[in-house]
Amino acid sequence: MCGRTSCHLPIEVLARACAYRDRQGRERLPEWKDPDKYCPSYNTSPQSNSPVLLSRLHFEKGADPSERIIAPMRWGLVPSWFKEDDPSKLQFNTTNCRSDTIMEKRSFKSGSTDVAESPEHWKKVWDNWRLLTMAGIFDCWEPPEGGDLLYSYTIITVDSCKSLNDIHPRMPAILDGEEEVSKWLDFGEVSTQEALKLIHPTENITFHAVSSVVNDSGNNTPECVTPISLLVKKEPKASRSSQKMMQWLATKSPKKEDPKTPQKTESDVPQWSNQFLQKSPLPTKRGATGLLERWLKQEEPVAKRPHNQ
């Protein structure tokens, strides 16, 4: 799976998109933890923070596990047992983890189940669309010498569905629907083994090609997620001096006169296009530099007299 995601919704809008129903059937919004660490982005890369939806029970002992919280976390899991003083010293890639080895690899054994985004049911806002809900696991790392706790996550991957197989052999494990999201999050009621049964490929997705600008993690514009077919190529705007030069080349370029050739009408004068100037069939003669110098001095160029070759 590629190393890019996108979540550019404002904090309030994202919370509304993650609306859910609690055990009593009441529609609720998840609360934010450390909202100041959330930065909306069209082009999120590993090591950056992304919003993660999880059970309140992870943060509050005795809390209702069906209640939800949104917390910004580092993409790329740093295990709690990691003993170095710098997360960047981790020697292996934890951006994604395979579903078939998640229970075997040491780096993921002590993680907790979670999702890296969530669905929404506010159809008036989203017109029947919902956020892409990707299953993942997270952990909390504490620096050996003390300091701020680091919450980080990794996205679980599975074999690609048929429609994506030609693009990449792996795809994120998508939790398709509110029921699957609830079971994955509610670890107080659903066992790990039961939750893992929710991990499988799904065809219930849509996708489109985007511009290569997304390859640079420094780019953070709507172009990163806009379908290529909708992008409009912008022509560079010519400077004032360039416009004058183009006008002169198109209308006042000296031409060799041929008494045997009828004079060209005004419509035959070469016109400037936004890509190139139509080439004259006559070769450029000496003295063009002098003509250009006179033009730069705002002198009207004098046409050459015809001569025999």
Side-chain angles (χ1 to χ4, degrees), residues 1-9 17-18 20 41-46 48 50-53 75-77 92-105 107-108 111 113-123 126-138 153-186 190-217 219 222-231:
M1 195 191 84
C2 67
R4 290 291 188 274
T5 61
S6 173
C7 187
H8 51 273
L9 301 178
C18 295
Y20 69 100
S41 174
Y42 291 97
N43 189 12
T44 303
S45 58
S48 302
S50 297
V52 174
L53 189 70
W75 184 11
L77 188 140
F92 43 91
N93 187 341
T94 56
T95 301
N96 306 133
C97 66
R98 295 177 61 96
S99 59
D100 50 350
T101 58
I102 189 173
M103 299 301 292
E104 301 172 5
K105 290 189 175 180
S107 54
F108 304 131
T113 56
D114 191 28
V115 289
E117 283 177 314
S118 71
E120 55 78 33
H121 294 285
W122 290 36
K123 296 183 179 180
W126 297 108
D127 192 24
N128 295 323
W129 287 87
R130 64 172 188 253
L131 297 180
L132 184 68
T133 50
M134 297 182 289
I137 57 175
F138 82 96
Y153 74 95
T154 182
I155 298 174
I156 300 174
T157 66
V158 294
D159 291 334
S160 286
C161 58
K162 293 181 180 179
S163 59
L164 288 176
N165 196 48
D166 290 340
I167 300 175
H168 199 281
R170 306 291 294 179
M171 67 178 293
I174 298 173
L175 300 173
D176 190 9
E178 172 62 18
E179 183 178 356
E180 290 192 3
V181 173
S182 295
K183 289 182 177 179
W184 184 260
L185 293 179
D186 195 351
V190 181
S191 67
T192 300
Q193 294 299 331
E194 286 297 313
L196 288 176
K197 293 179 181 179
L198 303 171
I199 304 304
H200 52 75
T202 178
E203 295 283 353
N204 191 22
I205 59 173
T206 183
F207 57 90
H208 58 260
V210 297
S211 167
S212 59
V213 299
V214 75
N215 295 336
D216 185 345
S217 59
N219 295 328
E223 187 177 355
C224 293
V225 296
T226 303
I228 290 181
S229 59
L230 299 181
L231 294 176

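None of these values were measured; they are calculated from a predicted model.
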Residues forming a side-chain hydrogen bond (donor to acceptor under 3.5 Å, both in side chains) with Asp216, sequence neighbours excluded =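 Applying side-chain hydrogen bond (donor to acceptor under 3.5 Å, both in side chains) to Asp216 gives none.
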query = How would you list, by chain and number, every residue that makes a side-chain hydrogen bond (donor to acceptor under 3.5 Å, both in side chains) with Ser182, sequence neighbours excluded?
reply = Arg68, Glu178
Residues Tyr42, Asn219; criterion side chain to side chain contact (heavy atoms under 4.5 Å, CB included); working and verdict = CA-CA 8 Å; Tyr42 291 97; Asn219 295 328; over 6 Å; no
query = Run the side chain to side chain contact (heavy atoms under 4.5 Å, CB included) check on Ile174 and Leu132 step by step: do they pass?
reply = CA-CA 7 Å; Ile174 298 173; Leu132 184 68; 3.6 Å; yes
In Å and rounded to the nearest 0.5 Å, what is the [atom1] to [atom2] distance from [X] to [Y]?
X      : Y      : atom1 : atom2 : value
Cys161 : Ile205 : SG    : CD1   : 4.5 Å
Phe207 : Ile167 : CZ    : CD1   : 4.5 Å
Asn165 : Asp159 : CG    : CG    : 8.5 Å

ask   = Quick one: are Asn43 and Ser6 in side-chain contact, heavy atoms under 4.5 Å?
value =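 With C-beta onward as the side chain, the pair stays apart.
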Which residues pass the side-chain contact (heavy atoms from CB on, under 4.5 Å) test with [X], not counting sequence neighbours?
X      : value
Ser229 : Pro227
Val210 : His208, Val214
Thr44  : Thr5, Ser41, Ser48, Ser50, Trp75

Candidate pair Arg170 and Asn96, rule side-chain hydrogen bond (donor to acceptor under 3.5 Å, both in side chains), full reasoning = CA-CA 10 Å; Arg170 306 291 294 179; Asn96 306 133; over 6 Å; no
ask   = Looking only at heavy atoms, what is the nearest atom pair of Ala17 and Leu9, with distance?
value =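 Looking at all heavy atoms of both residues, the shortest contact is CB-CD1, 4.4 Å.
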ask   = Any idea which heavy atoms bring Ile137 and Leu77 closest together, and the distance?
value =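 Between these two residues, the closest heavy atoms are O-CD1, 3.7 Å.
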Ser160 side chain vs His168 backbone, donor-acceptor pair below 3.5 Å = yes
Name every donor-acceptor pair, under 3.5 Å, that has one atom in a side chain of residues 194-203 and the other anywhere in the protein, sequence neighbours excluded.
from	atom 1	to	atom 2	distance (Å)
Glu194	OE2	Lys197	NZ	3.0
His200	NE2	Leu198	O	3.4
Thr202	OG1	Asn204	N	3.1
Glu203	OE1	Ser163	OG	3.1
Glu203	OE2	Lys162	N	2.8

Verdict with supporting geometry, Arg4 and Cys224, side chain to side chain contact (heavy atoms under 4.5 Å, CB included) = CA-CA 10 Å; Arg4 290 291 188 274; Cys224 293; over 6 Å; no
task = Walk me through it: do Ile156 and Trp184 pass the test side chain to side chain contact (heavy atoms under 4.5 Å, CB included)?
result = CA-CA 12 Å; Ile156 300 174; Trp184 184 260; 3.7 Å; yes
